[in-house]
Amino acid sequence: MHNMMTGSIVALITPFHEDGSVNYEKVAELAEWHVQEGTDGILVLGTTAESPALTVTEKDALVETVIKTVNGRVPIMVGSGSNNTLVAKEQSLKYQNMGADALLVITPYYNKTTKAGMVYHFTEVADAVDIPVIIYNVPGRTGCCITYDAVAELAQHKNIMGIKEASGDIGLVSKIGRLTGEDFYLYSGNDDMVVPLMSVGGAGVISVWANILPKVTHDMVQAWMDGDHKKARDIQLHYLDFVNALFIETNPIPIKEAMNLMGMNVGGYRLPLCPMEDHTKATLVRTMQEIGLL
């Protein structure tokens, strides 16, 4: 499992029908496409999936659809976190039993906590399951940032396999790089700094960008792993303006807009997310044209 969970892991979007219901047929189609395009793993129920706006029934059906479609060909990670530790534990056990290969567990948002509370929270979840747990640090979403000391302590847990680092703080990322090895992996949670993160020990990316360019994202990460650092750097920099445009509004608004512009027909959004404004859409379109996507 540790060797499998490296490379480009796509944070899969949730496609909707025109009436707003989940398009499970499209979910299966996208999952199959990612396998064929060389994506190394699939994250279901991440931020990019609009998971806060999905019902429990929809979440379970999404996980079931992807696991069934992929059928073991690439590992499946499932977002099972919550700011309620008991809920996070229950969801983690459920998705483990459904066949998830790993779990992504977010830091407790809104109610936040202390360093000790962070350690208790993740330990409680990791003690309950038998599959790898990945800490998800995204302070721009949660209003809190896990400390290096907490990560260092949690990295000793046999079931805590790594961290998705989306703080944008390269200093913190570099310190966490000290912890990486066979039993603890560092994943980029920011598509604009995958190569910099891999230079301090990163094992890959959990990517929004990969929803539309899965092979390119895979090739960038693989090039770094193969020692072709110039190729990896060139890919990162070539697509940088487009990647930045994917976050010009709240994710996943721009990525779904880009997919629809490419004819992928993934539908709209669940409120409070809504369609792009004209001026930001124009920027997205321009960057897509510059790299030949339109």
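Between the OG1 atom in Thr283 and the NE2 atom in His279 there is a gap of 7.0 Å [rounded to 0.5 Å]. Interatomic distance, CD of Glu64 versus OH of Tyr95, reported as 11.0 Å (0.5 Å rounding). Remark: His121 NE2 to Thr85 OG1 distance equals 4.5 Å, nearest 0.5 Å. Atom CD1 of Ile235 is separated from atom CE of Met220 by 7.0 Å, given to the nearest 0.5 angstrom. Rounding to the nearest 0.5 Å places CD of Gln96 at 7.0 Å from CG of Leu103.
Using a 4.0 Å cut-off between a side-chain N of Lys or Arg and a carboxylate O of Asp or Glu, Glu165 and Lys175 do not qualify as a salt bridge. Arg286 and Asp241 are not joined by a salt bridge, as no carboxylate oxygen comes within less than 4.0 angstrom of a charged side-chain nitrogen. Using a cut-off of 4.0 Å between Lys/Arg side-chain N and Asp/Glu carboxylate O, Glu58 and Arg270 are scored as salt-bridged.
With hydrogens and angles disregarded, a donor-acceptor distance shorter than 3.5 Å links the side chain of Thr14 to the backbone of Ala49. A donor-acceptor contact shorter than 3.5 Å links the side chain of Gln236 to the backbone of Val194. Ser199 contributes a side-chain N or O that, together with a main-chain N or O of Pro196, makes up a donor-acceptor pair within less than 3.5 Å. With hydrogens and angles disregarded, no donor-acceptor distance shorter than 3.5 Å links the side chain of Asp40 to the backbone of Ile9. A distance-only check finds no donor-acceptor pair linking the side chain of Asn23 to the backbone of Pro15 [under 3.5 Å]. Checking side-chain atoms of Asp228 against main-chain N and O of Trp224 turns up no donor-acceptor pair under 3.5 Å. Lys256 contributes a side-chain N or O that, together with a main-chain N or O of Gly268, makes up a donor-acceptor pair within less than 3.5 Å. Checked by atom type and distance alone, the side chain of Gln156 never pairs as donor or acceptor with a backbone atom of Glu153 at under 3.5 Å. Although no hydrogens or angles enter the test, the distance criterion places a donor-acceptor pair under 3.5 Å between the side chain of Thr180 and the main chain of Gly177. Looking at Asn83, its side chain never comes within 3.5 Å of a backbone N or O of Lys112 through a donor-acceptor pair.
Side chains of Asn251 and Thr48: a donor on one and an acceptor on the other come within 3.5 Å. Under 3.5 Å, the side chains of Ser21 and Asp19 contain a donor-acceptor pair of N or O atoms. A side-chain N or O of His157 and one of Asp127 form a donor-acceptor pair less than 3.5 Å apart. Side chains of His34 and Thr39: a donor-acceptor N/O pair is present below 3.5 angstrom, by distance only. Counted by atom type alone, Thr280 and Glu249 present one or more donor-acceptor pairs between their side chains at under 3.5 Å.
If you chain together hydrophobic residues whose side chains sit under 4.5 Å apart, Leu86 and Val56 never meet in one group. Hydrophobic clustering, with ILVMFWY side chains joined whenever heavy atoms are under 4.5 angstrom apart, keeps Val221 apart from Leu237. Placement of Met262 and Leu246 within a single hydrophobic cluster is found when ILVMFWY residues are connected by side-chain heavy-atom separations under 4.5 Å, directly or transitively. No single ILVMFWY cluster, assembled from side-chain heavy atoms under 4.5 Å apart, contains both Met98 and Val87. When hydrophobic clusters are built by joining Ile, Leu, Val, Met, Phe, Trp and Tyr residues whose side-chain heavy atoms come closer than 4.5 Å, directly or via intermediates, Leu293 is grouped together with Trp33.
Counted within 6.0 Å of NZ on Lys59, heavy atoms from surrounding residues, nucleotides or ligands total more than 12; the atom is thus considered enclosed. Around the CG atom of Asn111, the shell of radius 6.0 Å holds more than 12 heavy atoms that belong to other residues, nucleotides or ligands. The neighbour count for Lys215 NZ, taken as heavy atoms of other residues, nucleotides or ligands under 6.0 Å away, does not exceed 12.
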Verdict with supporting geometry, Asp226 and Lys231, salt bridge (Lys or Arg N to Asp or Glu O under 4.0 Å):
CA-CA 10 Å; Asp226 291 342; Lys231 179 180 177 180; over 6 Å; no
Begin with the C-alpha distance, continue with both residues' side-chain angles, and end with the deciding distance and a verdict on salt bridge (Lys or Arg N to Asp or Glu O under 4.0 Å) for Glu32 and Arg73.
CA-CA 10 Å; Glu32 180 63 34; Arg73 289 175 291 170; 2.5 Å; yes
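The aromatic rings of Tyr239 and Trp209 sit tilted relative to each other, their planes meeting at an angle between 30° and 60°.
A cation-pi arrangement is absent between Lys164 and Tyr187 under the rule of less than 6.0 angstrom and at most 45 degrees off the ring axis.
Exactly one of Leu240, Ile206, Val243 qualifies for a side-chain contact (heavy atoms from CB on, under 4.5 Å) with Asp191. That residue is Val243. With respect to Leu12, the side-chain contact (heavy atoms from CB on, under 4.5 Å) criterion is satisfied by exactly one of Asn211, Leu43, Leu62, Val208: Asn211.
Considering only residues two or more places apart in sequence or on other chains, Ser92 meets the side chain to side chain donor-acceptor pair (under 3.5 Å) condition with Ser80.
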